Amino acid sequence: MWIKILAYIVTFIVSAGISALGIMLAYQQYQQNKKPVFTTLLYQQIFLFSFLFYGVWGNISLRMVIADLNIGEALSAKLAVFIPIIGIPFMVVSWFMLLKFANNCNGRRLTKTFIFTFFPTFVVLAFALVVLIQKEYIYVPENADLFVVRILVLLNLIVYLFFLLPFFRKTKNAGLLKETGLDKKRVLIIFGGTLLYSCVMFVFNRFGYISTCIALVVLFASNLILPAIIRLNNQTTPENGNMDFQSFCSFYEISKREAEIIDEICSGKSNKAIADKLFITLQTVKDHNHRIYTKTGVKSRVQLANLVREKTGKN
């Protein structure tokens, strides 16, 4: 008994350390780049590890408590189902942030239809599952933990398949992909880690608490791959202030005309003044601005000017 408790304590400490590391890596990227896409990554890591702690360790703690109480198997099984379901909102937000991150990296935005249907869909599915279990239309097997885990693992795999899609379509933002380091090979590595812990979690309690502890370490560690890849990539990209303006334009695949507009924006000119100087229409300037913002991952003229100054040292 004491060996089992000690194993869980050690696993808890390891998983807590991994969670802190994942959030810290995402926060470092946010602090270093100050771009919305890295804010999304930070939120994804926070909500992901929040769910893992609540859904996984909350359930394990509950199991250890009710093991000493005189509670029927039926009630115990239902508790094993409902506790993780209550924490599903954390996981759903994490999935949403993951998909948003993948699309933003490739210069795309989630459609309003997708945004307005994503969360209600999971809410309906969760309530439907609870009702069907309560009405006993869905039979919860004796091993209720494994039943819940397998449902979540399958949903997670579906979300990660959608995570892959933007990277296998023609990108609209090669510069931001270079900053994150997420090419096709690396996102497949991330998906491979997801497959690994999915397989492990499908049989996590096959050999009792030992296999459970191993599965949990694999689960938490595999979710470090995404922020770790981005962190390692940033160590190989040019540091702030070490680029000239031409290298900056090459890195973000900025065209000659877009480079001229960036130069004018950094000098403080308005869109109208830029249009007059370059002998182009105001709408053309706005169109170029939109493409520049997409390629560099910024949302405003101020952010663009700050990015140019940080990367090139140009005032």
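All of these numbers come straight from a predicted model, not from anything done at the bench.
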Any side-chain heavy-atom pair of Arg186 and Ile190 under 4.5 Å
no
I would like to know whether Gln31 and Gln28 meet side chain to side chain contact (heavy atoms under 4.5 Å, CB included); could you show each step before the answer?
CA-CA 5 Å; Gln31 285 291 91; Gln28 285 178 343; 5.7 Å; no
Side-chain heavy-atom pair Phe168, Leu188 within 4.5 angstrom cut-off
yes
Cluster question for you: counting only ILVMFWY and a side-chain heavy-atom cut-off of under 4.5 Å, with indirect links fine, are Val217 and Val203 together?
no
Less than 4.5 Å apart, side chain to side chain, heavy atoms only: is that true for Thr284 and Arg257?
no
Show your working on side chain to side chain contact (heavy atoms under 4.5 Å, CB included) between Phe101 and Leu182 and close with a plain yes or no.
CA-CA 11 Å; Phe101 174 79; Leu182 295 177; 3.4 Å; yes
Do Phe251 and Phe248 have ring centres separated by under 6.0 Å?
no
When you group the ILVMFWY residues by side-chain heavy-atom contacts below 4.5 Å and let the links chain together, are Ile210 and Ile9 in the same group?
yes
Does one side chain, of Asp244 or Ser247, offer a donor that lies under 3.5 Å from an acceptor on the other?
yes
Check: Leu195 and Leu157 side chains under 4.5 Å, non-hydrogen atoms
yes
Hey, are the side chains of Arg231 and Met24 touching, using non-hydrogen atoms and a 4.5 Å cut-off?
no
More than 12 non-hydrogen atoms from neighbouring residues, nucleotides or ligands closer than 6.0 Å to CZ on Phe167, yes or no?
yes
Can you tell me how far apart NZ (Lys4) and OG1 (Thr212) are? Round to the nearest 0.5 Å.
8.0 Å
Decide yes or no on side chain to side chain contact (heavy atoms under 4.5 Å, CB included) for Phe51 and Val93, but give the supporting numbers first.
CA-CA 10 Å; Phe51 169 77; Val93 174; over 6 Å; no
Please check if Ile13 and Val218 belong to a single hydrophobic cluster, counting links between Ile, Leu, Val, Met, Phe, Trp and Tyr side chain heavy atoms closer than 4.5 Å.
yes
In the structure I gave you, are the side-chain heavy atoms of Ile274 and His288 within less than 4.5 Å of one another anywhere?
no
pair Leu98-Leu48: side-chain heavy atoms closer than 4.5 Å
no
Please report the interatomic distance CD1(Ile18) to CG(Leu21), rounded to the nearest 0.5 Å.
8.0 Å
Between atom OG1 of Thr194 and atom CE of Met201, what is the distance when rounded to the nearest 0.5 Å?
13.0 Å
So, the side chain of Ser222 versus the backbone of Leu219: is there a donor-acceptor pair under 3.5 Å, distance only?
no
Value rounded to 0.5 Å, distance of OG in Ser15 from CG in Leu52:
9.0 Å
Quick one: does Met91's side chain get under 4.5 Å of Asn156's, heavy atoms only?
yes
Of all heavy-atom pairs between Arg109 and Asn104, which one has the smallest distance, and what is that distance?
CA-OD1, 4.3 Å
Of all heavy-atom pairs between Ile261 and Leu278, which one has the smallest distance, and what is that distance?
CG1-CD1, 3.8 Å
Heavy-atom donor-acceptor pair, Ser250 side chain to Gln246 backbone, under 3.5 Å:
no
Do you know the tightest heavy-atom contact between Ala26 and Pro227?
N-CB, 4.4 Å
Using the side chain to side chain donor-acceptor pair (under 3.5 Å) criterion, which residues pair with Asn289? Sequence neighbours excluded.
Asn271
Nearest atoms (heavy-atom pairs only) where Ser198 meets Val153
CB-CG1, 3.5 Å
Interatomic spacing from OG in Ser50 to CD1 in Ile23 - rounded to 0.5 Å:
6.0 Å
Testing Phe162, Phe122, Phe118 one by one against Trp95 for a ring-ring contact (aromatic ring centres under 6.0 Å, His included), which residue passes?
Phe122
Report yes or no: does Glu258 contribute a side-chain atom to a donor-acceptor pair with the main-chain N or O of Ile254 at less than 3.5 Å?
no
Is there a path of hydrophobic side-chain contacts, each under 4.5 Å between heavy atoms of I, L, V, M, F, W or Y residues, that connects Phe119 with Leu155?
yes
Hey, does the side chain of Asp263 reach the backbone of Ala259 with a donor-acceptor pair shorter than 3.5 angstrom?
no
Answer with yes or no after comparing the ring centroid distance for Phe12 and Phe220 against a 6.0 Å cut-off, counting only values under it.
no
If you apply the rule salt bridge (charged side-chain N to carboxylate O under 4.0 Å, His left out), what do you find for Asp276 with Lys272, and how did you get there?
CA-CA 6 Å; Asp276 292 340; Lys272 182 66 169 59; 3.0 Å; yes
For the pair Tyr8 and Trp57, name the ring-plane relationship: parallel under 30°, tilted 30 to 60°, perpendicular over 60°.
perpendicular
Taking every non-hydrogen atom, the tightest pair across Gly181 and Ile229:
O-CG2, 4.1 Å
Are more than 12 heavy atoms from other residues, nucleotides or ligands located less than 6.0 Å from atom CZ of Phe191?
yes
Using 0.5 Å steps for rounding, measure from the OH atom of Tyr293 to the CZ atom of Arg301.
5.5 Å
Heavy atoms only: give me the nearest Leu304-Ile265 pair and the separation to one decimal.
CD2-CD1, 3.9 Å
Go through it in stages, so that I can follow the logic: the residues are Lys286 and His290, the test is side chain to side chain contact (heavy atoms under 4.5 Å, CB included), and I'd like the CA-CA distance, side-chain angles, deciding distance and then a yes or no.
CA-CA 6 Å; Lys286 291 180 180 179; His290 175 72; over 6 Å; no
With the 4.5 Å side-chain cut-off for hydrophobic clustering, are Val302 and Tyr30 part of the same group?
no
